[in-house]
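Notes follow the structure.
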Amino acid sequence: MLRVRFAPSPTGYLHIGSARTFIFNWLYARRNGGTMVLRLDDTDIERNTQASIDSIFDGLNWLNLSWDEFYRQSDRLDLHRAAAARILDQGLAYRDFTPATDSNAEEKAFDGPAWRSNPGQREMSKQDSDARAAAGEPFVIRFRVPRDPGRTVTFNDSVYGEQTKACEDIEDFALLRSNGMPTYHLASCADDADLRISHIIRGQDHLTNTFKHVLIFQALDAAVPQFAHLPLLIAPDGAKLSKRKHGPVVSVTTYRDAGFLPHSYVNFLCLLGWSPKDNREQMTRQEIVDIFSFEGINRSNAVVNFTETDPIDPKALWLNSQHLRSLPVAEILPAVTATLIAAGLAPLADPAHYARVVDLIRARYTTLLDFATKGRPYFAADFPIEPAALEKLDVPGARELLRDLAARLEADPVFTEATVEQHLRALATERGVKAGVLINGSRAALTGQAVGPSAFHLFTAAGRERSIARLKAVSR
RNA sequence: GGCGCCAUCGUCUAAGGGUUAGGACGGAGCCCUCUCAAGGCUCUAAUAGGGGUUCGAAUCCCCUUGGCGCUACCA
């Protein structure tokens, strides 16, 4: 039974790196008929926030990502404590009565010889240990890392290959804090074992932690899961992406608010650190599910290419524009409608006509937001006349020609692209002007923009009455 | 400091001993054309450095350099 999990700690907004980790887990589960578990690793009570939990759900929901089972680590503390007790009872862990000091943590990590354990604690007799614990003295439970010379821990990573580390390079890490709360390592492994997680797919920042985890799984007498570590997402300066340092680029909601289609962002994230190896880039979700495998995952970190002036990776934008213009219109319509409504606009009443108009303009847009900004003239009665459009209208004789065109359209009950074109070209020929004057003038009159779709399409997009009215409006 | 991981165009990547080192984004240009897009075409730009192994290395090995990660009673 294949089971994977995504286990975020709710201490901040849903990070794009976390979202990608979810996606890879999800893809692997869907690809292989497995079960996707979502587990909140919320043992760090001080740093957890409800806002963060909301952000995780919001982000995942927006991206259209689903899971099959849900757990909270804080509901499972008894399990973690029992696991710690079991390891302790076997003699595979020991109590460390050294008082916690917050000052020496970094010092012992960076100065002098590497710290392995506190003197006198690991070697303490069971009697002394039990007695001191019974007397109420606080302690932390540490894993008793094997110290036999030459002893190593090994596992085979699906991405990074065989990994081996000497036990002498692994410190006696904590399992249970003196306040009775499990550490991340213990809680994570105890839960993974209990939930029978078969594959752990997570960020490469856990690669070296994995040796400790293998030790815990073995101490728990549990099957060691298969590991697959993912290369990290980093900033252009090479640093790990962080909210504090890089701002909104790390948050999934930024891309939602920037007008991305959920799937196009998923598509983009997939391409960071993974490749289908056949030059495909724009893919449907099903295509990605069908082709996803660990073989396509890279080992080097991937840069999210943003700048101070432009917080969004140009490739993400390009991918979004590709999806926007190539998906069946019906599939993007709900998102377009939501965007319009959010901007105080309304979709067109006639669904078929609405779909045609969206189809007409979408090839020029890169995000959903464009429908409400550049697309305003298609959905609103009032819109600005851009300077460039004004120039088209101020071509000598243009306004008079547009007035006359309005008259001819008004006189003809038939109103199609073909009839509009006939009238327009006939008028131009009669007056001895280039059709472009009328064509560009019409575009300027109908949309207030100098650029856009073919003018003849614009007439049918606006409809007979509105077209005539707008031509008249600019010819006064 | 110790241990580990990584290293192809600016960015995402392909090529896992033999290719003019391929594709995409970005940038530049051309074509198309009623404008702008789209689309098509062209150009731009890379194997970090040094040693090996081999008839032949982007590819295998070693060293150097650089980047990242872990080294907490954080996760």
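Heavy-atom basis, side chains included; hydrogens, waters and symmetry copies ignored.
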Applying a 3.5 Å limit to both distances, which nucleotide forms a Watson-Crick or G-U wobble pair with B:G69?
-> B:C3
Under 4.0 angstrom, heavy atoms only, what part of the nucleic acid is A:Arg299 near: base, sugar-phosphate, or nothing?
-> sugar-phosphate
Backbone N or O of A:Ala51 within a donor-acceptor pair of the A:Ser55 side chain at under 3.5 Å?
-> no
Write down the distance separating the P atoms in B:A38 and B:C25, rounded off to the nearest Å.
-> 10 Å
Could you check which of B:C73, B:C70, B:C5 has an atom nearest any side-chain atom of A:Leu207?
-> B:C5
Would you mind reading off the distance between A:Asp370 atom CG and B:A37 atom P, rounded to a whole angstrom?
-> 13 Å
Reckon A:Ser178 touches a base, only the sugar-phosphate, or nothing at all at heavy-atom distances under 4.0 Å?
-> base
Looking across every strand, which nucleic acid part, if any, lies under 4.0 Å from A:Lys212 by heavy atom: base, sugar-phosphate, or nothing?
-> sugar-phosphate
Can you tell me the distance, in whole Å, between the CG atom of A:Asp205 and the C1' atom of B:U71?
-> 14 Å
Considering only atom C1', compute the distance from B:G22 to B:U8 and round it to an integer number of Å.
-> 11 Å
Indicate, with a heavy-atom threshold strictly under 4.0 Å, whether A:Gln449 touches base, sugar-phosphate, or nothing.
-> nothing
What does A:Gly203 touch in the nucleic acid at a heavy-atom separation under 4.0 angstrom: a base, only the sugar-phosphate, or nothing?
-> nothing
Report the base-pairing partner of B:C32 (Watson-Crick or G-U wobble, both distances below 3.5 angstrom), or none.
-> none
Which part of the nucleic acid, if any, lies within reach of A:Ala455 when heavy atoms closer than 4.0 Å are counted: base, sugar-phosphate only, or nothing?
-> base
Gap in Å between the two C1' atoms, one belonging to B:G10 and one to B:G26, rounded = 8 Å
Inter-nucleotide P distance (B:C6, B:C61), Å rounded | 11 Å
Kindly point out which of B:U35, B:C34, B:G69 is positioned nearest to the side chain of A:Arg364?
-> B:U35
Can you tell me how far P of B:G69 sits from CG of A:Leu241, to the nearest Å?
-> 11 Å
Watson-Crick or G-U wobble partner for B:A14, using a 3.5 Å limit on both distances?
-> none
What integer number of Å spans the C1' atoms of B:C12 and B:G51?
-> 32 Å
Mate of B:C9 where both pairing distances stay under 3.5 Å, Watson-Crick or G-U = none
Pairwise P distance, B:C62 and B:U53 [rounded to whole Å] | 15 Å
For A:Ala450, which contact category applies under a 4.0 Å heavy-atom criterion: base, sugar-phosphate, or nothing?
-> base
Report the nucleotide, chosen from B:A75, B:C34, B:G10, that has the shortest atom-to-atom distance to any side-chain atom of A:Asn305.
-> B:G10
Which residue, A:Gln204 or A:Thr43, contacts RNA chain B at a nucleotide closer to its 5' end, judged by nearest heavy atom?
-> A:Gln204
Are A:Phe294 and A:Phe24 close enough that their ring centers fall under 6.0 Å?
-> no
Of the candidates B:A72, B:A24, B:A75, the side chain of A:Trp115 sits closest to B:A72
What is the base-pairing partner of B:U47, counting Watson-Crick and G-U wobble geometry with both distances under 3.5 Å?
-> none
Using whole Å, report how far CG of A:Leu319 lies from P of B:U13.
-> 13 Å
Please determine if A:Arg376 forms a cation-pi arrangement with A:Phe383, meaning its NZ or CZ atom is less than 6.0 Å from the six-membered ring centre and no more than 45° off the ring axis.
-> no
Closest nucleotide among B:C73, B:A38, B:C70 to the A:Lys240 side chain | B:C70
Distance only, no hydrogens: is a donor on one side chain within 3.5 Å (strictly under) of an acceptor on the other, for A:Ser52 and A:Asn48?
-> no
Is A:Arg76 positioned over the aromatic face of A:Tyr71, cation under 6.0 angstrom from the ring centre and no more than 45 degrees off axis?
-> yes
Out of A:Tyr13, A:Phe268, A:Tyr265, which one pairs with A:Tyr255 under the ring-ring contact (aromatic ring centres under 6.0 Å, His included) rule?
-> A:Tyr265
Between A:Glu162 and A:Leu176, just flag the one whose closest nucleotide in RNA chain B comes earlier from the 5' side.
-> A:Glu162
Parallel under 30°, tilted from 30 to 60°, perpendicular over 60°: which one fits the rings of A:His246 and A:Phe306?
-> perpendicular
Which nucleotide in the set B:A75, B:C25, B:U71 lies at the smallest distance from any side-chain heavy atom of A:Asp41?
-> B:A75
Rounded to whole Å, CG of A:Asn298 lies from C1' of B:C68 at a distance of 15 Å
Given the side-chain rings of A:His206 and A:Tyr184, with only the six-membered ring counted for Trp, is the space between their centroids under 6.0 Å?
-> yes
In whole angstroms, how far is the P atom of B:C25 from the CD atom of A:Gln322?
-> 8 Å
Which nucleotide in B:C25, B:U11, B:C73 has an atom nearest any side-chain atom of A:Ala174 | B:C73
Round to a whole Å and report the spacing from CZ of A:Phe268 to P of B:A24.
-> 18 Å
Pairwise C1' distance for B:A7 and B:A48, with rounding to whole Å | 7 Å
Measure from CG on A:Asn279 to C1' on B:G23 and round the result to the nearest Å.
-> 4 Å
Rounded distance in Å between the P positions of B:G66 and B:G49 | 15 Å
